[in-house]
Amino acid sequence: MRISRYILPTLKEDPSDAVVSSHRLMMRAGLIRKESAGMYVYLPLGLRALRKVIAIIKEEMDAAGAHEFLMPEMTSADLWRESGRWDSMGPEMFRIRDRNGLEYALAPTHEEAFTAVVRSLISSYRDLPLNVYQINTKFRDEIRPRYGVIRSKEFIMKDAYSFDMDEKGLDESYQAMRRAYRQIFQRCGLETIPVQADTGSMGGSDSEEFMVASEVGEEVLLLCGSCDYKANQEKAEFRRGDRKGGGAPEALREVSTPDVKTIADLAAFFQCDEGLFLKSIVYLADGAPVMAVVPGNREINELKLARALKATALELAPDSVVEEVTGAPVGFAGPVTDKKVRMLFDLAVKGVVNGITGANKKDLHYAGVNPGRDFTIGEEYDLTKAVAGDPCPKCGSPMRETKGIEVGHIFKLGYKYTKSMKVSVLNEQGRETTPIMGCYGIGVNRTVAAIVEQHHDDKGIIWPKAIAPFDVHLVGIWKEEQELRALEGLYDTLSKAGFEVLYDDRKASPGIKFADADLAGLPVRVTAGKGYFQTGDLEIKCRWGGEVVKVKESGLVEAIRDSLAGCP
RNA sequence: CGGGGUGUGGCUCAGUCCGGUUAGAGCGCGUGGUUUGGGACCAUGAGGUCGGAGGUUCGAAUCCUCUCACCCCGACCA
């Protein structure tokens with residue numbers, strides 16, 4: 001491609017609204033433009049990179065035996081009503097009506113749509129297993145789109161759904177996707193951290209997220225320093241064993257604590273470790289009040305709590321409910337009470353000796369609180385967030401925290417959709433059987449952004465060769481028309497050799513051309529200037545580093561191949 | 001939704017506090033010329049309802065009210 005006839009609107013300065021490097025560089029290199037908040041235009045160069053990622057995903061999905069579909073992006077409300085998600089999805093789903101008042105969703109995901117087609121396509125166990133996928137636009141009314149293409153309202157996703165006869169089959173489908181995903185990201189030149197993840201309200205057992213470590217990541221990961229335990233914070237467990245307090249159990253006593261409500265206030269007031277307090281927080285789980293009791297030095301992991309409760313909706317109870325449940329203003333709740341409220345205790349609570357907790361009376365706390373004697377631990381779960389430094393649940397070594405961008409997610413869906421949408425096939429015995437599903441997503445746009453995030457320097461992008469929009473950046477530094485003609489020949493040679501060449505034939509100063517080449521970040525740069533016109537010397541430079549290599553035209557193709565081979 | 005911030009030519013920004021001629025700079029763009037191995041130089045030119053609406057005033061980019069958009073932090077969300 002000749003740049004003189006291409007669209008390559010590079011920017012010398014950082015756009016004022018881009019705060020992360022991938023967004024900045026994608027704008028500056030002329031890959032994308034913003035249409036409005038959370039919506040982006042792909043310019044030709046950006047589209048080429050996007051298509052490379054898509055091609056790799058397709059190849060690997062097909063190789064794994066999945067079948068590509070193309071689904072409507074506007075999906076009928078009836079479909080969502082069947083699964084029950086028309087009501088449960090909430091405002092993140094765009095809903096529209098046609099002129100007759102019929103309701104539709106701009107699909108944020110396609111479980112229903114795929115389940116419905118597959119239902120019409122299968123009737124026997126012989127039709128399974130089946131893995132179907134598409135690469136298509138998704139719409140989500142994000143509360144806050146940000147980081148350019150990393151979190152947008154409209155994005156491209158590869159979503160796949162597997163259907164199997166039983167859990168064993170599902171596991172095979174799942175493992176096939178685990179392998180495919182590793183292959184896909186590896187081929188994209190993207191180093192990902194597969195972590196154990198929560199399956200959310202979907203239920204199901206296994207779940208793995210493919211994360212790219214990044215300061216701008218929106219998820220927190222806990223990684224063990226010595227074994228292979230990796231989990232996102234929503235799921236992460238940690239080894240228990242901490243005993244708080246000590247000595248002989250003291251008598252339960254009331255302590256006047258006027259206006260001392262928060263854990264920090266309490267720690268200052270009682271002059272003791274925050275872990276000695278039993279923080280008691282009232283939630284509404286599907287509308288019913290519950291009290292969660294955790295050590296004061298720990299944060300509640302609401303996902304773990306919701307899972308323990310098997311609740312679909314969990315929210316902090318409003319003050320009025322707290323007062324009703326505890327009989328005291330907010331800040332004085334505790335498990336030592338006669339009131340009948342469902343209580344869940346974190347695993348660490350039983351290890352507290354002579355703890356301190358709210359007395360369910362205004363301005364009063366109990367000290368010398370001992371589990372078992374002063375209250376009964378009925379329901380005990382892991383309810384707290386793991387943080388950096390906590391011991392690994394597998395090996396006990398301290399874990400560290402990293403932020404990550406989620407680029408892929410695979411999980412076992414279970415029967416949620418096949419049951420609610422009444423999918424069944426006949427098994428070998430001729431009995432109706434409900435297939436079990438798996439679900440596998442990749443955020444395509446954010447994969448591109450993550451690659452840029454992972455591979456760049458202060459001058460621009462450094463594309464892995466598999467994703468680079470072109471293979472070779474041919475920089476022609478010419479003055480005379482005859483020189484330009486000679487460069488055309490060179491461009492022709494390289495194109496015929498099978499390279500995708502971005503050829504800078506512009507009448508511009510060398511500085512501009514080199515700067516643009518660095519920004520665009522194609523893996524191999526070939527420079528043809530004075531040396532070429534005088535002695536036939538060409539220069540090859542790899543964007544990934546290394547020295548400038550001089551070659552003659554006869555050895556050029558070979559040298560480029562070598563250079564590309566040396567690139568990630 | 002709460003808090004904070006920004007809207008001035010294609011881009012990055014100054015000017016706004018303290019109202020006062022034809023609204024500025026750099027980059028980019030057009031033309032002519034000189035240049036040409038790391039974002040050249042000279043000359044000349046085009047391009048702006050100062051986000052929008054209303055108001056105050058002799059006079060508004062500047063003050064007031066409303067509104068829209070965008071960015072950041074948080075909340076929310078699977």
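Note on naming: letters A, B, ... go to the chains in the order of the sequence lines (proteins, then strands), and numbering restarts at 1 for each one.
Here A:R81 pairs with A:D78 in a salt bridge; the nearest charged N to carboxylate O distance falls below 4.0 Å. The pair A:K235-A:E209 does not meet the salt-bridge criterion, since no charged nitrogen lies less than 4.0 angstrom from a carboxylate oxygen.
At the heavy-atom level, A:T527 lies under 4.0 Å from base atoms of the strands shown. Among the protein residues, A:A508 comes within range of the nucleic acid bases, having at least one heavy atom under 4.0 Å from a base atom. At the heavy-atom level, A:Y147 lies under 4.0 Å from the strands shown only through sugar-phosphate atoms. Counting any heavy atom pair closer than 4.0 Å across all strands shown, A:G90 reaches no nucleic acid atom. Among the atoms of the strands shown, none is found under 4.0 Å from any heavy atom of A:V475. Contact annotation for A:R144: base contact, defined as any heavy-atom pair under 4.0 Å involving a base atom. Using a 4.0 Å heavy-atom criterion, one finds that A:R506 contacts no nucleic acid atom at all. Within 4.0 Å (heavy atoms only), A:R525 reaches at least one base atom of the nucleic acid.
Seen from the ring of A:F470, A:R48 counts as a face-on cation partner, given the 6.0 Å and 45° thresholds.
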Please enumerate all protein N or O atoms sitting under 3.5 Å from an N or O of nucleotides 7-11 of chain B, with distances to 0.1 Å.
none

What pairs of nitrogen or oxygen atoms, one from the protein and one from nucleotides 28-33 of chain B, lie under 3.5 Å apart?
none

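A:L25 contributes atom CG, which lies 7.0 Å from atom CG of A:L519 (distance to the nearest 0.5 angstrom).
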Item to complete: Determine, stepwise, if the pair A:S21 / A:E453 fulfils side-chain contact (heavy atoms from CB on, under 4.5 Å).
Response: CA-CA 6 Å; A:S21 33; A:E453 200 70 43; 3.0 Å; yes

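Looking at A:Y147 and A:E218, their side chains never bring a donor and an acceptor atom within 3.5 Å of each other. In the model, A:Y161 has no side-chain atom that pairs as donor or acceptor with a side-chain atom of A:T115 under 3.5 Å.
Remark: of the listed residues A:Q196, A:R178, A:H409, A:R178 is the sole one forming a side chain to side chain donor-acceptor pair (under 3.5 Å) with A:E208.
OP1 or OP2 of B:C71 lies within a sub-4.0 Å distance of a side-chain N or O belonging to A:K34.
Using a 30° and 60° split on the angle between ring planes, A:Y181 and A:F210 fall in the tilted class, from 30° to 60°.
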